[in-house]
Protein chains: 2
Amino acid sequence: MTRISGAESQVMEAVWGKGPLAADEIVAEVGAPQGWGEATVKTLINRLLKKKALISERSEGRTRYRALVSRADYVQGESQGLLDRLFGGELAPLVAHYAKHRNLSPGEVARLKRLIESLDNGD
Amino acid sequence: MTRISGAESQVMEAVWGKGPLAADEIVAEVGAPQGWGEATVKTLINRLLKKKALISERSEGRTRYRALVSRADYVQGESQGLLDRLFGGELAPLVAHYAKHRNLSPGEVARLKRLIESLDNGD
DNA sequence: GGCGAACAGTTACAGCCGTAAATTGGTCCG
DNA sequence: CGGACCAATTTACGGCTGTAACTGTTCGCC
């Protein structure tokens with residue numbers, strides 16, 4: 001339960017995105033883009049196994065790794081921590097900060113607007 | 001330029017919040033709440049000096065530490081990283097996620113709505 | 001059934017981080 | 001001038017992280 005680190009999360013993203021993957025598939029998926037060697041990815045996989053974020057299961061002669069923690073939970077923890085540490089746990093200050101320092105594109109503003117509206121009435 | 005770590009950021013928050021502080025003031029401000037000894041806080045201060053996030057200046061017989069990096073820059077870097085890693089660099093997915101998993105209070109929704117509107121028309 | 005290839009898992013190592021003590025160096029008061 | 005304080009530097013050490021090589025195991029083919 002030691003927290004998923006940055007590099008490890010790349011591996012998790014691959015598995016979350018594509019379902020259970022074999023080691024060499026994970027290497028192809030994240031090692032290559034990241035410039036990591038095969039050995040490195042293996043280490044990450046094993047650390048994730050050890051911290052029970054992945055489980056290995058053998059099927060049709062290949063070992064595949066399946067996620068044991070959900071992406072939602074992970075994202076939850078990460079963003080919660082950031083929100084709490086930096087913005088008093090509230091969204092509005094984050095959005096304000098982001099708007100001020102990054103120039104939201106009109107498209108993004110529109111998307112946000114629709115989203116907020118849907119939250120406001122209904123659902 | 002090595003990035004401000006978690007513990008270090010506590011020290012930075014104190015200085016950002018209260019302006020230049022002396023060592024023992026920082027200890028009182030962050031060491032006590034966090035349960036850190038004086039020595040620990042000293043280490044953090046020194047690491048921050050080394051990475052040029054703080055500078056020490058002597059005035060009226062006391063050495064005070066002043067922030068060299070702005071909170072905005074720090075916050076920027078941190079939240080940018082999170083947004084990029086977890087939400088494709090866009091705000092809307094973060095807001096959506098947060099809404100889904102944390103039940104925005106109506107008050108917060110209203111605040112967001114006003115904020116978005118002000119972004120939309122104007123400035 | 002043995003051997004090599006493929007694959008799974010283990011060990012390694014340096015750097016950063018949290019936590020802290022010890023040592024050195026500078027200032028100011030008496 | 002000599003302590004007393006305070007600041008700064010150095011050293012310590014275990015755990016986590018990024019990065020990687022090495023070893024042990026399994027399975028198919030001869």
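Numbers restart at 1 for each chain; the letters A, B, ... are given by sequence-line order, proteins then strands. All heavy atoms count here, side chains included; hydrogens, waters and symmetry mates do not. Predicted, not measured: the structure shown is a model, and the values here were computed from it.
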Original post:
Nearest-Å distance, CD (A:Gln34) to P (D:dT19)?
Top reply: 9 Å
Subject >> CD1 on B:Ile26 to NZ on B:Lys42, rounded to 0.5 Å >> reply: 11.0 Å
Subject >> Gap between atoms NZ and C1', on B:Lys50 and D:dA7 respectively (whole Å) >> reply: 14 Å
Subject >> Between D:dT17 (P) and A:Leu44 (CG): distance, integer Å >> reply: 11 Å
**OP:** Check each of A:His97, A:His101, A:Lys100 against B:Gln76 using the side chain to side chain donor-acceptor pair (under 3.5 Å) test, and report the only one that passes.
**Re:** A:His97
**OP:** Round to a whole Å and report the spacing from CD of B:Glu25 to P of D:dA7.
**Re:** 9 Å
Subject >> Sugar-phosphate, base or nothing in reach of A:Ser5, heavy atoms under 4.0 Å >> reply: sugar-phosphate
**OP:** Could you state the atom-to-atom distance from CD1 of B:Ile45 to C1' of C:dA20 in whole Å?
**Re:** 14 Å
Original post:
Quick one: does B:Arg71's side chain have a donor or acceptor within less than 3.5 Å of a partner on B:Gly17's backbone?
Top reply: no
**OP:** Test for a donor-acceptor pair under 3.5 Å between the base of D:dT9 and the side chain of B:Arg47, counting only N and O atoms.
**Re:** no
**OP:** Compute the angle between the rotation axes at the two ends of the helix from C:dG1-D:dC30 to C:dG30-D:dC1, each taken over five pairs, rounded to 10 degrees.
**Re:** 20°
Measure all distances between protein nitrogen or oxygen atoms and nitrogen or oxygen atoms of nucleotides 5-9 of chain C, and list the pairs falling under 3.5 Å.
unit_1, atom_1, unit_2, atom_2, d
C:dA8, OP1, A:Thr63, N, 3.1
C:dA8, OP1, A:Thr63, OG1, 3.4
C:dA8, N7, A:Lys42, NZ, 3.2
C:dG9, OP2, A:Tyr65, OH, 3.1

Original post:
Of A:Gly37 and A:Ile4, whose nearest nucleotide on DNA chain D comes first from the 5' end?
Top reply: A:Ile4
**OP:** Decide, yes or no, whether a salt bridge links A:Glu25 with A:Lys18 under the criterion of side-chain N to carboxylate O below 4.0 Å.
**Re:** no
Subject >> Rounded distance in Å - CG (A:Leu48) to P (D:dC16) >> reply: 14 Å
Subject >> Among C:dG18, D:dT19, D:dC16, the nucleotide that comes nearest once only the side chain of A:Thr40 is considered >> reply: D:dT19
Subject >> Nucleotide of D:dC16, C:dG18, C:dC17 approaching B:Lys51 most closely (side-chain heavy atoms) >> reply: C:dC17
Subject >> From A:Ile4 atom CD1 to A:Met12 atom CE, the distance as rounded to the nearest 0.5 Å >> reply: 4.5 Å
Original post:
What is the distance, rounded to the nearest whole Å, between atom CG of B:Leu54 and atom C1' of D:dA7?
Top reply: 14 Å
Subject >> Side chain proximity check, A:Leu94 to B:Leu94, heavy atoms < 4.5 angstrom >> reply: yes
**OP:** Measure across A:Val30 and A:Ala14 and return the closest heavy-atom pair with its distance rounded to 0.1 Å.
**Re:** CG1-CB, 3.5 Å
Original post:
Quick one: are A:Val69 and A:Trp16 in side-chain contact, heavy atoms under 4.5 Å?
Top reply: yes
**OP:** For the pair A:Glu108 (side chain) and B:Leu91 (backbone), establish whether a donor and an acceptor sit closer than 3.5 Å, ignoring hydrogens and angles.
**Re:** yes
Subject >> Interatomic distance where CZ belongs to B:Arg3 and P belongs to C:dG15 [whole Å] >> reply: 19 Å
